[in-house]
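What follows is a short report on a single structure.
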Amino acid sequence: MGLESAVEKLDKYFKRLEKGKAQKIKPSHVEKVIGKLEAKAALLQTEISETEKESKKQRLERKLQMVREQQERARWLAEKIGRS
């Protein structure tokens, strides 16, 4: 699951939540998305530390910020659906 598909999954889960169908969202699926986002964040941090070109660093930092925002959304969703 790439970054785009993880974000798409979260968007689908939020739409289900808005429609009152939170029971159809499996906590294990949300946990999987959180895991993928954490892995992507770690990868981006490594890339940032290894990159010397300033423009690439800035681009990677923006991407990392977006991943962190998605992690927050996923954690909120996990709490909302009653993750144990």
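Taking hydrophobic clusters as Ile, Leu, Val, Met, Phe, Trp and Tyr residues chained together by side-chain heavy-atom distances below 4.5 Å, Val33 shares a cluster with Met66. Hydrophobic clustering, with ILVMFWY side chains joined whenever heavy atoms are under 4.5 angstrom apart, keeps Ile48 apart from Leu43.
Nearest heavy atom pair, residue Val30 against residue Ala78, reads CG1-CB, 3.8 Å. Closest non-hydrogen pair, Ile25 versus Tyr13, comes out as CD1-O, 3.3 Å. Summarising the geometry of Leu60 relative to Leu44, their closest heavy-atom pair is CD2-CD2, 3.8 Å, with the distance given to 0.1 Å.
His29 contributes atom NE2, which lies 13.0 Å from atom CG of Leu10 (distance to the nearest 0.5 angstrom). Rounding to the nearest 0.5 Å gives a distance of 9.5 Å between NZ of Lys19 and NZ of Lys24. The distance from the CG atom of Asp11 to the OG atom of Ser5 is 11.5 Å, given to the nearest 0.5 Å. Expressed to the nearest 0.5 Å, how far NZ of Lys63 lies from NZ of Lys40 amounts to 5.0 Å. Considering CZ of Arg16 and CG of Leu77, their distance stands at 10.5 Å, rounded to 0.5 Å. Going from atom CG of Leu64 over to atom CD of Gln71 covers 8.0 Å, rounded to the nearest 0.5 Å.
Not counting sequence neighbours, Glu61 has no partner by the salt bridge (charged side-chain N to carboxylate O under 4.0 Å, His left out) test.
Considering only heavy atoms from C-beta on, Glu72 stays 4.5 Å or farther from Arg68 through its side chain. Using a 4.5 Å heavy-atom cutoff, the side chains of Leu3 and Gln70 are not in contact. Side chains of Glu69 and Arg73 form no contact here, defined as non-hydrogen atoms less than 4.5 Å apart.
Here Arg75 pairs with Glu38 in a salt bridge; the nearest charged N to carboxylate O distance falls below 4.0 Å. Of the charged side-chain nitrogens involved, none lies within less than 4.0 Å of a carboxylate oxygen, so that Lys57 and Glu54 do not count as a salt-bridged pair.
More than 12 heavy atoms of other residues, nucleotides or ligands sit less than 6.0 Å from atom CD of Gln23.
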